[in-house]
Student: 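Starting off with a structure, shown below.
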Amino acid sequence: MANSNLATYRNPTRNHSGGRTQKISKITPHEMAAIWSGRQCADYFAGTTRQASSNYCIGNGGDIAISVDEGNRAWTSSSEYNDQRAVTIEVSNSVCGGDWPVSPAAYNALVRLCADICKRNGINPAYNGAASGSITMHKMFASTACPGPYLTHKIVSGDLARDIKAAMGQGTAKPVSQQLYRIRKSWADVKSQIGAYKSLENAKKACGVGYSVFDKDGKAVYTPGGSAAKKWTQDCVLKVGDKVISVSCGIVAVPGTNSAVQGNLVNIPALGGMVPLSDVSEADDTGDGKKDDYLANTKSRVFLLQATVTKIISNDLVQLDRGYVVKTGPLMGLR
Ligand SMILES: [Zn+2]
């Protein structure tokens with residue numbers, strides 16, 4: 001079975017199970033939790049006695065290295081089921097902490113590599129929230145934050161699947177014009193537009209009093225001398241359409257067990273009960289400097305990743321776009 005021609009380096013590790021027993025049918029992007037080149041990561045997997053590896057490693061600068069040949073089952077996702085079927089890809093972070101972002105170069109390399117894998121293996125890239133889908137996440141199978149908030153959002157929002165399809169020559173990439181920063185009196189007042197800039201800094205310089213700079217989604221990102229940028233605020237009256245995240249909340253063992261995690265759900269009483277693992281991230285490190293073990297530890301605190309309010313149920317209950325109802329107490333809206 002062939003590897004991707006996009007790889008520029010190969011350092012095979014012994015950390016794998018040999019040939020796959022299942023056809024390749026999915027892709028699992030992981031966060032490296034380090035700022036490395038792809039080569040450094042492949043070298044690490046080749047040299048470590050830790051039982052860890054991935055098929056590909058993508059560096060912060062966008063280089064692609066092979067650690068486990070595509071035809072072999074890597075040890076990446078804590079799941080025999082997944083790793084027999086998935087091409088696993090470690091992606092370097094650009095910052096270790098916060099949202100655990102990845103660089104544009106690394107993300108673009110991920111998109112190109114996934115497009116190549118999907119084409120060669122006849123995969124239709126799509127995230128459906130289930131292990132059976134063609135894009136999966138490590139945290140579906142283990143108590144881990146991997147692939148971290150940034151990549152989780154890219155995956156759950158459908159952005160990654162859409163970008164891969166565009167790179168495969170299917171679907172449509174975002175038109176370049178959508179990436180512009182527009183200067184208008186209000187987003188709705190299209191005729192008031194006095195300029196559109198690729199650079200936010202240039203847009204800010206050109207934006208006079210009475211105008212604001214709007215991003216591609218129509219959100220005001222700069223208003224000279226005007227109102228301060230909106231901040232995440234707790235205890236605000238929520239309405240349908242509000243974007244929300246939560247303050248950090250404790251996780252509590254499910255009654256009758258010694259774990260807060262049950263299947264793909266985690267018990268967060270402040271939010272009203274069981275919440276999908278894919279929708280939360282670690283709020284505070286549990287003390288070991290790693291973000292990989294927090295759900296195994298009921299002392300951990302987590303926060304709800306950004307969601308949109310779709311229905312007001314009562315004063316203290318709202319439904320989110322991801323389908324479930326949560327208590328409003330820990331929620332913060334932009335105000
Ligand atoms: Zn992972």
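Worth saying up front: this structure is predicted, and the values here are computed from it rather than measured. First listed ligand is number 1; within each ligand, the first listed atom is number 1.
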Student: Looking only at atom types and distance, does a side-chain atom of Y197 sit under 3.5 Å from a main-chain N or O of V213, one as donor and one as acceptor?
Tutor: no
Student: Could you please give the number of protein N/O/S atoms within less than 2.8 Å of the Zn ion (ligand 1)?
Tutor: 3
Student: For the residue pair S54 and H30, confirm or rule out a side-chain donor-acceptor distance under 3.5 Å.
Tutor: no
Student: Please report whether the ring centroid of W100 lies less than 6.0 Å from that of Y150.
Tutor: no
Student: Looking at D116 and R112, is there a salt bridge between them, counting it only when a charged N and a carboxylate O are closer than 4.0 Å?
Tutor: no
Student: May I ask you to say whether K327 pairs ionically with D316, meaning some side-chain N is under 4.0 Å from a carboxylate O?
Tutor: no
Student: For a quick test of reading the model, state the closest non-hydrogen atom pair linking T328 to L317 and the distance between them.
Tutor: CG2-N, 4.0 Å
